[in-house]
Each structure stands twice: as structure tokens, then as C-alpha cells.
**Student:** 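Below: one structure in C-alpha cells.
All values below were derived from every heavy atom in this structure, side-chain atoms included, with hydrogens, water molecules and symmetry-related copies excluded. Naming: A, B, ... by sequence-line order, numbering from 1 per chain. In this text, all values refer to a predicted model and were calculated from it rather than measured experimentally.
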Amino acid sequence: MEKSYDPKQVETRWYRVWSERGYFTASVPAEGRPYAIVIPPPNITGSLHMGHALNNTLQDILIRWRRMQGMNVLWVPGTDHAGIATQNVVEKQLLGEGTSREQLGRERFIKRIWEWKAQSGGTIIDQLKRLGASCDWSRLRFTLDEGLSKAVREVFVRLYEDGLLYRGERLINWCPRCLTALSDIEVEHEDVRGKLYHIFYPLVDDPAVHIVVATTRPETMLGDTAVAVHPEDPRYNRLIGRTVRLPLTLREIPIVGDPILVNREFGTGAVKITPAHDFNDFEAGIRHNLARLSIFDQHARMDPSGMQGAQVDEALRVRLAGKPVHEARAIVVEALDKGGHLAKVEDHAMALGKCYRCKTVVEPFLSPQWFVKIKPLAEPAIKAVEEGRIRLIPESWVNNYLGWMRDIKDWCVSRQIWWGHQIPAWYCRHCNEGAIIQTSPKSYALSSEAKPLVARQAPSHCPDCGHSDPLIQDPDVLDTWFSSALWPFSTLGWPDQTPELARYYPTATLVTGFDILFFWVARMIMMGLKVMGEVPFREVYIHALVRDAEGQKMSKSKGNVIDPLTMMDKYGTDALRFTLASMASPGRDIKLSEERIEGYRNFANKLWNAARFILMNLEGPRAEAPVADRSPVDQWITSRLQKCIDEVNHSLEAYRFDEAGNALYHFIWHEYCDWYLELAKTAMADKDSREAALTRTTLVETFETMLRLLHPFMPFITEEIWQTIKQEGAPLGSAPPAPTKREGAPHAGGSIMVAPYPTPNPALIHDPIEGEIKAIQDLVTAVRDLRGVHGIPISRKLSLSVRVAGVEIHRILDTHRRTIMALAGLSTLTVGKDVAGPAEAATGPILFPGGQPGDLSIDLAGLRDVAKETSQKEKRLKELALRLEQTEKKLSNPDFVAKVPPEVLAKTRGQHQEFRIEYDKLSGELRRLREMGGGAA
RNA sequence: GGGCGGAUAGCUCAGUUGGUCAGAGCGCUGCCCUUACAAGGCAGAGGUCACAGGUUCGACCCCUGUUCCGCCUACCA
């Protein structure tokens with residue numbers, strides 16, 4: 001074995017072997033409790049980032065753990081077609097080629113995306129493999145593949161038939177760049193400093209009297225259809241029912257009373273109503289039966305025909321035509337000001353909605369869309385969590401979830417893009433004359449009047465009029481999240497009643513980040529309950545975001561991205577995985593730093609070298625004996641191991657990956673390596689003794705168990721070592737009792753992946769012996785402490801006297817005499833009731849089980865040597881002081897500095913420097929020696 | 001505006017149902033190349049647990065308030 005662990009060649013080798021041997025493949029008929037996880041499908045456009053790395057590491061830990069426990073494990077992998085995101089990527093490519101999707105046309109554009117997918121869509125999958133993810137790749141799914149498309153259509157039709165889907169003209173969030181509707185949660189809000197404009201609206205029959213409205217969006221005033229005041233506001237309520245002239249237009253609009261819309265305290269207490277450009281106003285428009293005047297087009301530019309409909313002043317209309325929102329605002333404000341309509345402008349903080357995909361400012365836009373009636377779906381989803389049929393971990397998310405679900409609004413599921421599941425609705429040309437607008441030879445727009453025919457397959461004729469002309473399919477596609485919402489059952493074969501579905505649904509655990517709790521998790525719960533009549537998963541582990549060391553969200557533009565692939569190259573996959581797991585404390589973001597990964601790389605290397613040590617020490621006889629008949633040291637490490645096994649299992653049950661990781665780290669490094677290996681060295685000093693033979697057994701047995709315990713976290717190095725030890729011909733000790741038999745499993749043993757996961761054996765826990773060894777450790781540490789304080793190297797042997805009162809402690813020290821001497825570096829060790837020794841030399845109290853402070857005192861006879869050393873050092877120090885003085889004198893002599901050659905001068909200066917350093921060092925040492933000199937003399 | 005989370009060693013964070021916990025890793029200091037490992041070993045220093053009150057025999061932990069950070073959410077035009 002090499003002296004240090006080299007992950008590179010190990011990782012690809014073992015991943016291939018695992019894969020070839022079919023360890024990842026689930027077997028439906030196999031025994032064992034089913035344990036299924038569906039992967040949160042990464043976007044096909046994606047490349048593995050730290051969030052993925054964390055998410056999939058945690059899933060893989062659970063999967064590997066459960067697999068080793070003997071459960072019937074299935075981890076379903078897949079990718080998401082990511083509608084807008086993917087379309088954007090390919091559109092960008094087309095732009096670079098000087099063409100566009102419009103030029104290509106729908107069919108060819110979609111074909112182009114599939115080509116792109118064939119080429120680049122597998123990147124993220126390969127990267128997941130790099131991470132060691134033990135997914136069942138034979139069941140890889142894609143949200144747009146045939147089976148899932150079938151599921152999508154089936155669900156769509158069912159929802160429609162149940163009256164939970166409807167089409168209608170509504171105000172929706174519109175991205176003027178992506179040219180599509182967005183759902184509420186696809187809009188990000190950003191605080192900006194805006195202005196509040198106060199505008200005079202004069203009364204028609206009394207132009208001297210006006211009402212002042214306040215607005216942050218003056219450009220939309222051209223589409224106003226009313227002004228609202230509070231019906232109980234004495235300032236205005238007598239004006240309700242009268243009309244005002246809308247400045248810059250030829251229109252007159254009514255004043256209405258609306259207690260819902262109007263907040264008397266805000267602004268002027270009067271608010272303009274623009275139903276086509278504001279969500280509140282849209283609702284108010286319905287209440288007061290107001291017209292909706294759209295003055296923007298789909299690019300959020302001023303629409304000439306819209307403005308004509310709104311009777312905008314001719315000259316202004318010409319100026320505004322085609323202007324984007326911000327320019328239109330300036331023009332309108334200027335026009336208002338010129339006309340004397342602007343009362344005042346004040347600063348105002350407000351939130352701006354932006355598209356979550358492209359960050360373009362979102363515009364409320366009036367258009368016909370498809371909506372899922374969500375309340376009836378939300379109610380059972382609320383209950384499922386309230387009743388604990390689905391458990392959210394950490395629990396703090398429950399309130400968030402419930403709050404959001406109770407306040408949920410209908411889900412706009414139609415998108416005006418091409419990449420996605422086209423909506424399975426068709427329209428008869430004959431029955432919808434006038435509602436179908438041909439926009440190009442091959443494309444149509446459908447007004448809100450069009451009557452859809454929703455079906456699983458394209459209808460051959462119109463059932464209403466009987467015409468067999470091909471019907472026109474709705475050009476819109478579904479929100480990407482619609483298909484993701486079906487993921488837990490669609491990936492298992494639904495709508496077919498597959499054996500997989502019967503065996504693995506509901507799945508066991510969902511592991512995901514909180515950022516898609518509403519986008520995805522909530523919708524899966526709703527759809528699972530609606531379609532399957534059963535929750536999609538029992539537990540949801542919600543992990544945090546990975547941030548950089550400063551707590552900033554990692555982003556390419558900030559340049560603070562720590563790339564998991566780079567980290568894997570540099571430190572190995574196991575180190576990265578262990579880092580992420582150890583830092584996954586619930587409810588807190590992970591602030592990742594490279595140093596941390598480096599630290600766990602060192603841990604891997606530590607394990608590696610422990611393995612080397614074991615291999616080097618396996619020569620010689622081995623003996624078998626029950627643990628109780630082995631040495632106290634062996635019993636001690638076995639007992640400690642049981643506790644570690646217990647803690648790891650319990651932590652994993654509770655999704656405390658951090659605690660499990662820390663327990664492993666501590667046990668392996670600080671107990672097994674730091675202490676047990678050192679203790680074992682003395683036990684094996686006499687190679688052929690029975691003690692050595694038994695120690696070898698314990699050494700390997702413990703190590704082998706440790707490897708299995710660690711495997712879910714660090715799959716590669718554990719496998720490599722496991723196999724190496726086997727190849728060296730060393731039997732792996734008596735394997736602990738297997739929690740479950742592996743009979744019926746699709747694969748035989750041979751890999752640590754399918755070895756049984758350790759379970760604690762309470763019979764092997766031995767607290768008295770743990771106390772005994774703890775006493776030894778304390779004693780050794782006490783001596784080392786004295787060495788440290790006085791700077792005495794381990795190479796100098798000391799003579800130690802220990803005075804003890806108790807019989808038990810006497811026995812313990814006697815038993816471990818040889819070990820103590822070795823670890824503390826002693827030449828002699830005297831233990832007894834009447835041992836002489838000054839109490840002052842003792843360290844703090846060392847407590848033995850049942851012992852008292854003061855049971856023990858230590859006399860470091862070796863310290864007597866200090867006196868000799870002191871005098872030697874003193875002599876040397878005097879010498880140095882003299883030479884220091886001499887060179888100093890030289891250097892301060894102007895003649896010397898001026899006349900001697902530069903190289904000589906430099907040399908003298910260097911000498912002076914050296915003398916100074918040595919002098920300082922020596923005097924420090926001397927001071928310490930003197931300090932203890934009194935006690936030891 | 002509402003809600004949630006955070007504030008503990010120089011840095012990043014643990015801290016289980018109020019009573020041997022004030023802890024870990026990294027960093028730092030000193031000593032050591034002791035035949036598994038210098039990516040290492042041994043030892044050490046560092047904290048009024050944000051601030052102010054309160055409950056209690058006792059509070060990092062519970063309650064109230066304050067300050068400062070994040071995040072989510074929201075129609076106050």
C-alpha cells in the first residue's frame with residue numbers, strides 16, 4: 001500500500017465494479033422491507049453544484065445504510081426537462097448561430113432541444129456517478145419521456161374531469177423576456193427604491209374640484225377604469241358615484257367605494273383602479289364590473305391598439321407607441337407635469353417582481369391561461385402533515401408549510417413556451433370560429449372564449465359538430481413542476497399498475513432543499529394524495545443551502561463558487577461527502593470552506609494509514625476467544641465501538657448526519673488510532689504471545705466493523721481497504737451478528753456495499769473497563785503534560801513514582817505497567833502506598849473509578865537531569881551574549897560599516913541575526929528549566 | 001407589514017427534555033521526523049455563551065424586551 005491515500009484510481013475502479021455486479025439494481029421480489037427514495041431530478045441543463053452534491057450525498061448515505069441493513073432498497077434517478085431553463089439555454093445557442101426559435105419553428109426547435117439533450121443531458125448523471133451515488137440507473141427517468149408524458153396526460157384529464165382544472169382569462173405574472181406566464185412562486189421579489197406619484201383627477205362636472213390619487217406606476221394610469229375611495233372616508237365618500245376625467249385621455253371614469261382595496265391611511269386615501277395591470281385592481285374590477293384595458297403588449301411595451309382602446313390622447317399615443325415600461329413612465333410623468341396634473345412625487349420603498357429564471361421584471365398581464373383549482377387539493381395535503389402521515393424534518397418547517405398551504409392560490413399551469421408537455425386540449429375550428437386566431441401558417445392563438453376538448457389522445461373528430469377536420473391542439477405547455485409533482489409515482493410506472501408501484505409506493509424518504517418545498521414537495525403531496533389516494537413519502541428531510549465561507553449564496557457572478565468536481569479531484573470524493581454530511585446540521589445553512597474538506601481528506605488518509613499499520617502487524621499467530629476473555633484493552637475498544645455503532649445508527653435514524661459523522665470521526669481518529677493502536681503496539685510487542693494473537697484478532701475485528709460503519713459516508717476508501725485486507729489473506733475476524741440475512745438478495749456478498757451494517761451488541765459494553773482505561777489515559781496524559789510544560793522530549797526517559805491509596809487502583813496500574821511506561825516514556829515506574837514523592841510535582845487530580853483526589857502523586861525523578869542541562873545551557877548563553885555584543889559593536893562602528901566590503905558586512909549582519917535568534921530561544925528554555933528546577937532538585 | 005431562523009473560542013459551528021460539558025474542527029503556541037500516518041504525534045492557550053430584565057435552589061438552554069444579521073412571505077396603490 002502506498003504511504004498516502006490516492007482517491008483517483010480507487011474511485012472509478014470501484015464504481016465500475018459495483019455497477020457491473022448489479023449492486024445498484026433493485027429487485028422487486030427480493031426480501032426485506034422496501035425502502036425507496038426518488039431523487040429530486042436535477043435539470044438537464046445543470047452541472048453538479050454543491051447543492052446537488054449535498055443533496056445526493058445525504059440520499060446515498062441513507063440508501064447505502066438501508067441497503068446494508070438488508071432492506072429492499074430502490075433509489076430512482078432521473079432528470080427534469082426544466083421547461084423555461086432549457087428553452088433559454090438552447091435559444092441562446094440559436095442566437096449565437098444567428099437564428100431563433102421563431103425562425104426554426106416549433107417542431108424543429110423541439111427536435112433541436114432533444115438533440116441538445118442527447119449530447120449534454122447526461123453530464124449531470126455522470127457527475128452523480130462520480131459522487132458515488134448508488135442509484136438504480138436501470139430505472140433512469142426523464143420528466144419528458146414517454147411513460148411520464150402518459151402520466152401527465154392522464155392526471156391532466158382526471159383533474160379536468162373532476163372540475164379541478166379550468167381555462168380562463170386572468171391577470172397572471174408574465175415574463176416579457178421568456179414570453180410566458182409564471183406561477184406566483186416563480187416570481188422573486190426584490191426591494192427597490194421607487195417613487196409615489198400624486199396625480200390630480202378633476203371632477204367632470206366641476207373641474208375646479210379634483211381628487212388626488214397616489215400611484216407607484218403612473219404609466220398604467222392610461223388604463224384606469226375607475227378611482228376608488230374608502231366608503232367611510234369623510235373626505236371622499238360624498239364623491240362616490242360621480243366621475244372624474246382621466247388626464248391624458250378622452251375618458252371619464254367613475255369614483256367607486258371599495259373598503260377592501262383602499263387603505264385610508266396610505267397615500268392620499270384615493271387609489272386608481274387599473275384592472276388589466278394590477279392584481280388588486282383586477283379583483284376590484286370584478287367587484288365593480290369594470291372594463292379591463294390592456295395598454296401593454298406581451299413584451300411589456302406600450303401597445304398602440306391598446307392605447308387606442310383606452311382613448312389615449314393622440315399625440316401622446318404616438319410618442320408612447322412601442323416604448324418599454326420605464327421609458328413610458330418618464331413620458332407619462334412629463335406629460336402629466338406639463339398638463340399640471342402632477343401634484344407631487346415622493347420616495348417610496350417597494351418590491352419589484354422578477355422572473356426566477358431570467359431576472360427580468362415581471363409584468364401583470366391579462367391573458368387566457370389554465371389553472372388548477374388548488375384548495376380541494378391542498379386540504380388533504382394539509383391534513384396529511386397535521387396528522388403526521390408525512391413527517392417534515394426538521395419540524396420547524398411544518399408551520400411554514402401549513403401557512404403556505406392554507407393561503408394557497410390557484411396554480412397557473414400553462415406556459416407559453418414550446419419545450420414541455422403540450423396541454424392535452426384540442427379545439428374544433430368550426431365550433432370556435434373567431435376564438436382561434438391564426439398568427440402564422442402553423443401557429444394559432446386562442447382567445448379566452450375558445451372551448452377546449454380535453455382528452456388523453458388527439459380526438460379524430462369534434463364530438464359537438466361531428467366535423468372530422470383535424471382539431472387544433474392548445475399551443476401552451478405545462479409548468480415544469482406539473483410533471484415533477486407526479487414524480488414519486490410516475491417514475492414507478494403509473495398509470496400502469498406495476499409491481500414497482502405496489503412494492504415501493506409510498507416511498508420512504510424525500511431528501512430535498514427548502515428552496516423547492518413549495519415548488520415541488522407541496523405539489524407532490526397534493527398530487528400523490530389526489531391521484532394515488534396515498535401520501536407520496538412518509539418523511540421529508542429538508543436540508544439547508546450550501547453557501548460560501550462568508551455565508552453568501554454561491555453564484556458564478558460573485559465568483560465564490562466552490563465546485564464539487566474540483567474538490568473531488570483535489571481531495572477525493574469521500575472527503576467531500578464526509579464534509580457535507582458532517583456539516584449538515586438541521587436548520588442551518590452550510591458555510592463551506594475548502595479547509596474543511598482538506599481536514600476530512602486528512603481523515604481519509606488517517607484511516608488509510610491505520611490500514612497499513614494493521615497489514616504490517618498481521619504476521620504472527622491469531623487466536624479466537626470471546627471478547628470477555630481478552631485483555632482489558634481489547635474489551636475497552638470493543639465496548640467503545642458498540643457505543644459508536646449505537647450512536648451512528650441512532651443519529652441516522654434521526655437524520656443527524658452531522659452527529660453520525662462526528663461520532664465516526666472521533667471514534668476512528670481519537671480512540672481507535674490515537675489510543676487503541678498505541679496500546680496494541682505494546683500488547684503485540686511479543687509477537688508470538690497469546691496476548692498478541694488475541695490483540696490481532698481484536699485489531700482487525702474492530703477495524704473491519706469500523707469500515708462497514710463508515711461505508712455509507714466514505715464508500716470508496718472503505719471498499720478499497722476492505723478488499724485489500726481480504727486480499728492480504730487476513731480473515732476479517734468473526735463478523736458481528738448480521739441484522740438481516742442477505743438471502744434472496746439479487747447479489748451475493750463480496751463487497752462492503754452489501755455487507756451487513758453493524759448493530760450494537762449491548763453485552764459487549766463494559767463500563768468498568770472503560771473507566772479503567774480512562775484512568776490509564778489520564779495518567780499518561782498527566783505525564784505528557786508535564787513533559788510539555790517543561791519541554792522534555794519523549795526520547796528522554798523519565799522515572800515515575802505513583803502513590804496510591806486504593807487497592808483497586810494499585811491493581812490497575814500494575815496490570816498496565818508496561819503500557820503506561822511505553823506511552824509515557826518511562827524508564828521506571830514505582831507504584832505503592834508509601835512511595836515517596838513531593839506532592840507539588842503532581843498534576844491535577846486524576847480520578848479513578850471510586851477513587852479520591854490525592855490518591856495519586858507523581859514524582860518525575862528524571863527532572864533531576866534538568867540541573868545538568870541548565871548549567872550547560874547557561875554556559876552556552878554566556879558565550880552567545882559575548883559574541884552578540886561583539887558583532888553589535890562592529891555594526892555600530894561607522895568606520896567598519898563604511899570601509900569593509902559589502903559581502904563581509906552582510907555576513908556579519910547575518911551572524912548577528914543568528915546569534916540573536918539562538919540567544920532568545922535559549923534564554924526561553926532556560927527560564928522554563930529554572931522554573932521546574934526547584935521542584936525536582 | 002407579517003413569519004421563521006441565527007447571535008457560543010480568532011474562524012466555521014455542535015450543545016440532546018434547564019443541574020461534570022462550556023465542546024469539536026480549522027487556525028494559533030510549544031515540543032517531537034517515537035519503524036501506520038509531518039495530510040502526522042504529544043501537549044497548551046483562547047469564551048461575562050449578543051445586550052437588559054425575569055422565572056428557578058440553579059439558565060447557553062425557559063419567559064419578556066432591545067440591538068444586529070440572514071431568509072421566507074405580503075396587494076398597502
**Student:** Provide the distance between the two C1' atoms, one in B/A50 and one in B/U8, to the nearest whole Å.
**Tutor:** 10 Å
**Student:** In whole angstrom, give the distance that lies between atom CH2 of A/W404 and atom C1' of B/G3.
**Tutor:** 16 Å
**Student:** Please check the phosphate of B/G40 (OP1 and OP2 only) for any side-chain N or O of A/K3 closer than 4.0 Å.
**Tutor:** no
**Student:** Grab the CG-P distance between A/L779 and B/A43 for me, whole Å please.
**Tutor:** 13 Å
**Student:** Here's a test of your reading of the structure: between A/F603 and A/M583, which maps to the more 5' nucleotide of RNA chain B?
**Tutor:** A/M583
**Student:** Let me know the distance between CD of A/E598 and C1' of B/G27, rounded to the nearest Å.
**Tutor:** 12 Å
**Student:** Ignoring the backbone of A/N280, work out which of B/A36, B/A77, B/C75 is nearest its side chain.
**Tutor:** B/C75
**Student:** With 3.5 Å as the limit, what N/O pairs link the protein to nucleotides 21-26 of chain B?
**Tutor:**
residue	atom	partner	partner atom	Å
B/G25	OP1	A/H670	NE2	3.2

**Student:** Syn or anti for B/G18, please, going by whether the chi angle lies within 90° of 0.
**Tutor:** anti
**Student:** Can you figure out which of B/A77, B/A39, B/C42 approaches the side chain of A/R784 most closely?
**Tutor:** B/C42
**Student:** In terms of side-chain heavy atoms of A/R601, which of B/C71, B/A39, B/A77 is nearest?
**Tutor:** B/A39
**Student:** Between B/U35 atom C1' and A/N617 atom CG, what is the distance in whole Å?
**Tutor:** 10 Å
**Student:** Please give me the minimum heavy-atom distance between A/F667 and A/T702, naming the atom from each residue.
**Tutor:** CZ-CG2, 4.3 Å
**Student:** Is the distance between the ring centroids of A/F657 and A/Y541 less than 6.0 Å?
**Tutor:** yes
**Student:** Might you list the N or O atoms of the protein lying below 3.5 Å from N or O atoms in nucleotides 15-18 of chain B, with each pair's distance?
**Tutor:**
residue	atom	partner	partner atom	Å
B/G15	OP1	A/R656	NH1	3.4
B/G15	OP1	A/R656	NH2	3.1

**Student:** Can you figure out which of B/A36, B/C71, B/U12 approaches the side chain of A/F613 most closely?
**Tutor:** B/A36
**Student:** What pairs with A/E671 under salt bridge (charged side-chain N to carboxylate O under 4.0 Å, His left out), at least two apart in sequence or on another chain?
**Tutor:** A/R640
**Student:** Looking across every strand, which nucleic acid part, if any, lies under 4.0 Å from A/G572 by heavy atom: base, sugar-phosphate, or nothing?
**Tutor:** nothing
**Student:** Give me the one residue out of A/D281, A/T225, A/T220 that meets side-chain hydrogen bond (donor to acceptor under 3.5 Å, both in side chains) with A/K272.
**Tutor:** A/T220
**Student:** What pairs with A/H650 under ring pair (Phe, Tyr, Trp, His ring centres under 6.0 Å), at least two apart in sequence or on another chain?
**Tutor:** none
**Student:** Between B/C37, B/A39, B/A77, which nucleotide gets closest to the side-chain atoms of A/V271?
**Tutor:** B/A77
**Student:** What does A/K681 touch in the nucleic acid at a heavy-atom separation under 4.0 angstrom: a base, only the sugar-phosphate, or nothing?
**Tutor:** base
**Student:** How is the base pairing of RNA chain B summarised as a dot-bracket string, given the Watson-Crick and G-U wobble criteria with both distances under 3.5 Å, [ ] for crossing and | for another strand?
**Tutor:** (((((((..((((.....[...)))).(((((.......))))).....(((((..]....))))))))))))....
**Student:** Over all strands shown, is A/T781 touching base, sugar-phosphate only, or nothing at heavy-atom distances under 4.0 angstrom?
**Tutor:** sugar-phosphate
**Student:** What's the closest nucleotide to the side chain of A/E678 if the choices are B/A77, B/G41, B/C37?
**Tutor:** B/C37
**Student:** I'd like to check the salt bridge (charged side-chain N to carboxylate O under 4.0 Å, His left out) partners of A/K409; sequence neighbours left out, ordered by chain and number.
**Tutor:** none
**Student:** Between atom CG in A/D407 and atom C1' in B/C72, what is the gap in whole Å?
**Tutor:** 13 Å
**Student:** Could A/D6 and A/K8 be called an ion pair, given the rule that one side-chain N must be under 4.0 Å from one carboxylate O?
**Tutor:** no
**Student:** Quick check on A/E2: does its CD atom have over 12 non-hydrogen neighbours (other residues, nucleotides or ligands) under 6.0 Å away?
**Tutor:** no
**Student:** A/S4 near the nucleic acid: base, sugar-phosphate alone, or nothing, with a heavy-atom cut-off under 4.0 Å?
**Tutor:** base
**Student:** Looking at A/W669 versus A/Y665, is the centre-to-centre ring distance below 6.0 Å?
**Tutor:** yes
**Student:** Classify the side chain of A/K606 versus the base of B/C37 as yes if they form a donor-acceptor pair under 3.5 Å and no if they do not.
**Tutor:** yes
**Student:** Are the aromatic ring centres of A/Y571 and A/Y600 under 6.0 angstrom apart?
**Tutor:** no
**Student:** Would you say the rings of A/F603 and A/F713 are close, in the sense that their centroids are separated by under 6.0 Å?
**Tutor:** no
**Student:** Check step by step if side-chain contact (heavy atoms from CB on, under 4.5 Å) holds for A/H670 and A/W675.
**Tutor:** CA-CA 7 Å; A/H670 297 304; A/W675 284 101; 5.9 Å; no
**Student:** Between B/G41, B/C72, B/A43, which nucleotide has the shortest distance from any of its atoms to the side chain of A/N400?
**Tutor:** B/C72
**Student:** What contact category does A/I614 fall into here, base, sugar-phosphate, or nothing, at under 4.0 angstrom with non-hydrogen atoms?
**Tutor:** nothing
**Student:** Looking at every strand, decide which applies to A/A270 at a 4.0 Å heavy-atom threshold: base, sugar-phosphate, or nothing.
**Tutor:** base
**Student:** Using modelled atom types only, decide if a donor and an acceptor are shared between the side chain of A/T695 and the backbone of A/A683 within a distance under 3.5 Å.
**Tutor:** no
